[in-house]
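Taking it in order: structure first as structure tokens, then the write-up.
All values below were derived from every heavy atom in this structure, side-chain atoms included, with hydrogens, water molecules and symmetry-related copies excluded. So you know, we letter chains A, B, ... as the sequences are listed, proteins then strands, and number each from 1.
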Number of protein chains: 2
Amino acid sequence: MGTIDGLRFYGGADAYLAACPSRQILDLLANKWTMLVMGALGGGPLRFGELRRRLDGITQKMLTQTLRNLERDGLISRTVYPTIPPRVDYAATDLGHSVIELLKAVRVWSEKHINDVLDARDAYDERAAREPQPLA
Amino acid sequence: MGTIDGLRFYGGADAYLAACPSRQILDLLANKWTMLVMGALGGGPLRFGELRRRLDGITQKMLTQTLRNLERDGLISRTVYPTIPPRVDYAATDLGHSVIELLKAVRVWSEKHINDVLDARDAYDERAAREPQPLA
DNA sequence: CAGCATCCAATTAGATACTG
DNA sequence: CAGTATCTAATTGGATGCTG
């Protein structure tokens with residue numbers, strides 16, 4: 001069992017409560033890079049460099065940080081091959097695989113609804129620009 | 001159609017590309033407060049104060065900011081009743097409802113797998129503490 | 001009640017240089 | 001190749017005071 005401050009959580013978890021540990025887990029998952037890393041690993045193990053190239057715009061530092069957090073929380077495994085040059089493989093664990101599809105669904109939604117969102121955004125911005133000053 | 005810098009996106013969206021607008025949308029969704037707000041609105045419209053009480057730990061500023069972003073992107077609607085004192089209702093739009101279940105799945109996963117994650121975390125931290133210094 | 005404005009602290013993220 | 005370490009810039013977030 002996992003513990004936090006000596007307490008155990010069997011059920012009744014509620015991410016709406018700030019003190020509930022599920023809030024921390026939600027915070028790990030509710031992250032752009034986590035979503036993309038896990039999605040990439042859904043297709044099988046990848047090396048550090050492969051991930052970096054796949055996740056356009058991520059810096060080496062952020063990738064390292066994201067991977068460490070995911071490893072620490074048991075969503076991915078890290079395998080080091082003591083070769084020269086070194087080779088490190090990252091792979092989703094069983095636990096990780098169980099969440100990948102959920103995260104992927106969110107990413108796919110984003111890709112599918114781009115135009116709905118951009119339309120709404122344009123309309124909102126245009127309305128805001130045309131509106132009289134709230135009060136002057 | 002939504003546009004960004006005069007470009008239109010019909011298909012082939014890819015959140016793995018930094019310049020793809022779906023990356024921005026993913027960033028909006030991949031957020032702790034977005035997840036919780038949308039989840040709360042899945043049960044029907046709520047007032048500002050109701051949301052604030054429901055989302056334990058959120059500040060007024062963050063709630064306002066989150067709600068504005070969601071409204072701008074068309075996921076929620078905002079209805080002002082010009083009464084005294086004022087009353088403002090927030091409700092998921094059709095577009096918003098279409099993503100709520102996906103986000104809820106992520107939150108529920110967090111709540112269900114607390115112990116798996118905490119176990120992994122404990123094991124990782126213990127291993128790290130026991131490990132010899134990487135190199136001194 | 002439902003905010004907005006402001007100031008400040010803390011966290012996050014990028015750039016750069018270096019290593020087994 | 002796969003990082004670590006460090007410094008700095010930018011963003012986020014919290015606290016407080018005020019308003020229609």
Using atom CG of B:D27 as one end and atom C1' of C:dA13 as the other, report the distance to the nearest whole Å. 13 Å
Could you state the interatomic distance from CZ (B:R72) to CZ (B:R78), rounded to the nearest 0.5 Å? 15.5 Å
Please determine, for the side chain of B:P85, which listed nucleotide (C:dG3, C:dC1, D:dA2) has the closest atom? C:dC1
Nearest-Å distance, CZ (A:F48) to C1' (D:dT4)? 11 Å
Of D:dG3, D:dG14, C:dG3, the nucleotide closest to the side chain of A:Q60 is D:dG3
If I take atom CH2 from residue B:W33 and atom CE from residue B:M62, how far apart are they, to the nearest 0.5 angstrom? 8.0 Å
Minimum-distance nucleotide (side-chain atoms of A:R68 versus D:dC1, D:dT4, C:dA15): D:dT4
At what distance, to the nearest 0.5 angstrom, does OG1 of B:T34 lie from NZ of B:K32? 11.0 Å
Could you tell me whether the phosphate oxygens of D:dC1, OP1 or OP2, come under 4.0 Å of any side-chain nitrogen or oxygen in A:Y90? no
Length of the line joining A:R78:CZ and D:dT4:C1', which is rounded to integer Å: 12 Å
Provide, to the nearest angstrom, the distance between the CD1 atom belonging to B:I84 and the C1' atom belonging to C:dG3. 15 Å
Between CG of A:D89 and P of D:dC1 the distance, given in whole Å, is 14 Å
With sugar-phosphate meaning primed atoms plus P, OP1 and OP2, does A:R52 contact a base, only sugar-phosphate, or nothing at under 4.0 Å between heavy atoms? nothing
Expressed in angstrom and rounded to an integer, what is the separation of A:L55 atom CG from C:dA13 atom P? 14 Å
Looking at A:E50 and D:dC1, is any side-chain donor or acceptor paired with a base atom of the opposite kind under 3.5 Å? no
When you measure from the side chain of B:T64, which nucleotide among C:dC4, C:dA2, D:dG14 comes out closest? C:dC4
Give a yes/no answer on whether the side chain of A:R47 brings an N or O atom under 4.0 Å of OP1 or OP2 in D:dC1. no
Return the nearest nucleotide to the side chain of B:T59; candidates are C:dG3, D:dC1, D:dA15. D:dA15
Say you draw a straight line from CD1 of A:I76 to CZ of A:R68; how long is it, rounded to the nearest 0.5 Å? 8.5 Å
At 4.0 Å (heavy atoms only), tell me whether A:Y81 reaches a base, stays on the sugar-phosphate, or touches nothing. nothing
Nearest listed nucleotide, side chain of B:K61, among D:dA2, D:dA15, D:dG20: D:dA15
Taking only side-chain nitrogens and oxygens of A:R87, does any of them come within less than 4.0 Å of OP1 or OP2 of D:dA2? no
A:I58 has an atom CD1; how far is it from atom P of C:dG14, in whole Å? 8 Å
With rounding to the nearest 0.5 angstrom, report the OG1 to CG distance, A:T93 to B:D116. 9.5 Å
Euclidean distance, atom CG of residue A:N69 to atom P of C:dA13 [Å, nearest integer]: 10 Å
